[in-house]
There are 2 protein chains.
Amino acid sequence: MNEHAHISANLSKNQLLVMDALTNSDGPLSAYAILDQLCDQGFRAPQQVYRALKKLVDFNMVHRLESLNAFVACRHPGREDHETLAFMICENCGQVSEFTDNLLSKRLQHLTGAAHFVLNKMTIEFRGICINCHST
Amino acid sequence: MNEHAHISANLSKNQLLVMDALTNSDGPLSAYAILDQLCDQGFRAPQQVYRALKKLVDFNMVHRLESLNAFVACRHPGREDHETLAFMICENCGQVSEFTDNLLSKRLQHLTGAAHFVLNKMTIEFRGICINCHST
DNA sequence: CATAATAATGTTATAATGTAACAACTTTAA
DNA sequence: TTAAAGTTGTTACATTATAACATTATTATG
Ligand SMILES: [Zn+2]
Ligand SMILES: [Zn+2]
Ligand SMILES: [Zn+2]
Ligand SMILES: [Zn+2]
């Protein structure tokens, strides 16, 4: 049983429903898209989605994409270490790939450190065309 | 006469009003905050702000902060080169500092290049506490 | 100049995203 | 068992952004 399964076991009903919706999606979903999907499961108001999302983001099981106002299930191996996390978002097919990089991490730490800036949260998002979409 | 002044001379009336509002602000402003400020100058509808903002962002005179849904006047020296641009945003005082870094640029180019990802737009935003705010 | 093309503006309405606030219920821990 | 913390349901509202259409101003171009 992997880390994901372990954490999932502790999720509440609504958190699990939202998590499943995101996991089964092949791309990011807006909060309202999730709400629509979960109408059949009894969801009625945006708060039900937003509250579950907040927890899932806290747990690092879901990431918020600021440039899309959307949410994506974490697919990064070793979900515990999310210090420096970046996303490549294809504007053609919607695919999101999540990655970290040691040199990038180091450089960012150096830059914020040099400015004496105490980092709380980092947003790194690349918008463009993925390899599958520009090869044709 | 600097680059900024040169470009400003070509701005339309509304673009200039929005640019001035942002330039005179000591931090980022939401579109609706700008709209409120420009009521006295005849602004009535959000479109008037959003349309001006779109042009100013195209001109690289204003940057959109995705994690704040807000806009900030460019204060980066040498506005022409904005390939890799990052922001440190203080969550206490609201100050935004804009910077670029060659090593960071290089690493990001390497990462997107290795993934064969054709970059259109980059969002790099750090949220945290600036040096002025955590020294007390 | 005439006139067509482009850019900018004004306005109304609506869509999309996100929170506040209150009441009820459930789980956990002392 | 009782208090604390967490979860849920719900109504209402706040914030951010765009669609659509009509009008005016500016800029080429012949
Ligand atoms: Zn992740
Ligand atoms: Zn793609
Ligand atoms: Zn700038
Ligand atoms: Zn500060």
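Note on naming: letters A, B, ... go to the chains in the order of the sequence lines (proteins, then strands), and numbering restarts at 1 for each one.
Taking side-chain N and O atoms only, B/K13 has a distance below 4.0 Å to OP1 or OP2 of C/dG10. For B/Q48 and C/dT9, the shortest distance from a side-chain N or O to OP1 or OP2 is not below 4.0 Å. The side chain of A/S12 places an N or O atom within less than 4.0 Å of a non-bridging phosphate oxygen (OP1 or OP2) of D/dT8.
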Begin from the C-alpha positions of A/R127 and A/S67 and carry the test side-chain contact (heavy atoms from CB on, under 4.5 Å) through to its verdict.
-> CA-CA 9 Å; A/R127 304 280 292 268; A/S67 68; 3.2 Å; yes
So B/F87 and B/L65, side-chain contact (heavy atoms from CB on, under 4.5 Å) or not? Walk me through it.
-> CA-CA 8 Å; B/F87 300 91; B/L65 300 173; 3.6 Å; yes
Please walk me through it: do B/L68 and B/E125 pass side-chain contact (heavy atoms from CB on, under 4.5 Å)?
-> CA-CA 10 Å; B/L68 290 180; B/E125 300 177 12; 5.6 Å; no
Mark up nucleotides 23-30 of chain C, 5' to 3', with B wherever a protein heavy atom is under 4.0 angstrom from a base atom, S wherever such an atom reaches only the sugar-phosphate, and - elsewhere.
-> --------
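With sequence neighbours excluded, no residue forms a salt bridge (Lys or Arg N to Asp or Glu O under 4.0 Å) with A/K13. B/S30 is linked by a side chain to side chain contact (heavy atoms under 4.5 Å, CB included) to B/Y32, B/A33, counting only residues two or more places apart in sequence or in another chain. Scored by the side chain to side chain donor-acceptor pair (under 3.5 Å) test, A/N69 finds A/R64 as partners (sequence neighbours excluded). Residues that satisfy the side chain to side chain contact (heavy atoms under 4.5 Å, CB included) test with A/A31, not counting sequence neighbours, are A/V49, A/Y50, A/L53, A/F71.
The interatomic distance linking B/L29 (CG) with D/dT16 (P) rounds to 11 Å, in whole Å. Counting to the nearest Å, the P atom of C/dA20 and the NZ atom of A/K54 are 11 Å from each other. When rounded to the nearest whole Å, the span between CG of B/L11 and P of C/dA8 equals 10 Å. One can place CZ of A/R44 at 13 Å from C1' of D/dT8, the figure rounded to the nearest angstrom. A/L35 places its CG atom 13 Å from the C1' atom of D/dT10, with the value rounded to the nearest Å. For A/Q41 and D/dT8, the CD to P distance is 14 Å, given to the nearest whole Å. What separates CZ of A/F43 from C1' of D/dT10 is a distance of 14 Å, to the nearest Å. Between the CG atom of A/L17 and the P atom of D/dT8 there is a distance of 9 Å, rounded to whole Å.
Between its two ends, the helix from C/dC1-D/dG30 to C/dA30-D/dT1 turns its axis by 40°, counting five pairs per end and rounding to 10 degrees.
Nearest-nucleotide positions on DNA chain C place B/A52 closer to the 5' end than the other of B/A52 and A/S30.
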With a 3.5 Å cut-off and sequence neighbours excluded, list the donor-acceptor pairs that the side chains of residues 92-99 of chain A form with protein atoms.
{"residue": "A/Q95", "atom": "NE2", "partner": "A/D26", "partner atom": "O", "Å": "3.1"}
{"residue": "A/E98", "atom": "OE1", "partner": "A/R75", "partner atom": "N", "Å": "3.3"}
{"residue": "A/E98", "atom": "OE2", "partner": "A/H63", "partner atom": "NE2", "Å": "3.0"}
{"residue": "A/E98", "atom": "OE2", "partner": "A/H82", "partner atom": "NE2", "Å": "3.1"}

Name every donor-acceptor pair, under 3.5 Å, that has one atom in a side chain of residues 103-124 of chain B and the other anywhere in the protein, sequence neighbours excluded.
{"residue": "B/S105", "atom": "OG", "partner": "B/T84", "partner atom": "OG1", "Å": "2.7"}
{"residue": "B/S105", "atom": "OG", "partner": "B/D101", "partner atom": "O", "Å": "3.4"}
{"residue": "B/R107", "atom": "NE", "partner": "A/D101", "partner atom": "OD2", "Å": "2.8"}
{"residue": "B/R107", "atom": "NH2", "partner": "A/D101", "partner atom": "OD1", "Å": "2.9"}
{"residue": "B/R107", "atom": "NH2", "partner": "A/D101", "partner atom": "OD2", "Å": "3.4"}
{"residue": "B/T112", "atom": "OG1", "partner": "B/L108", "partner atom": "O", "Å": "3.0"}
{"residue": "B/T112", "atom": "OG1", "partner": "B/Q109", "partner atom": "O", "Å": "3.3"}
{"residue": "B/N120", "atom": "ND2", "partner": "A/E91", "partner atom": "OE1", "Å": "2.7"}
{"residue": "B/K121", "atom": "NZ", "partner": "B/E66", "partner atom": "OE2", "Å": "2.6"}

Filtered N/O pairs between nucleotides 17-19 of chain D and protein, under 3.5 Å:
{"residue": "D/dA17", "atom": "OP1", "partner": "B/R64", "partner atom": "NH1", "Å": "2.9"}
{"residue": "D/dA17", "atom": "OP1", "partner": "B/R64", "partner atom": "NH2", "Å": "2.5"}
{"residue": "D/dA17", "atom": "OP2", "partner": "B/Y50", "partner atom": "OH", "Å": "2.9"}
{"residue": "D/dA17", "atom": "O5'", "partner": "B/Y50", "partner atom": "OH", "Å": "3.4"}
{"residue": "D/dA17", "atom": "N7", "partner": "B/Y32", "partner atom": "OH", "Å": "2.7"}
{"residue": "D/dA17", "atom": "N6", "partner": "B/Y32", "partner atom": "OH", "Å": "3.2"}
{"residue": "D/dA19", "atom": "N7", "partner": "B/Q47", "partner atom": "NE2", "Å": "2.8"}
{"residue": "D/dA19", "atom": "N6", "partner": "B/Q47", "partner atom": "NE2", "Å": "3.2"}

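Side-chain contact between A/V18 and A/L11 is absent, with no heavy atoms from C-beta onward closer than 4.5 Å. For the pair A/I89/A/F126, no side-chain contact is recorded, criterion being any heavy-atom separation below 4.5 Å from C-beta on.
Proximity note for B/N14 (side chain, C-beta onward) versus D/dT10, C/dG10, C/dA8: the nearest is C/dG10.
Counting only residues at least two apart or on different chains, no side-chain hydrogen bond (donor to acceptor under 3.5 Å, both in side chains) pair has a member in residues 34-44 of chain A.
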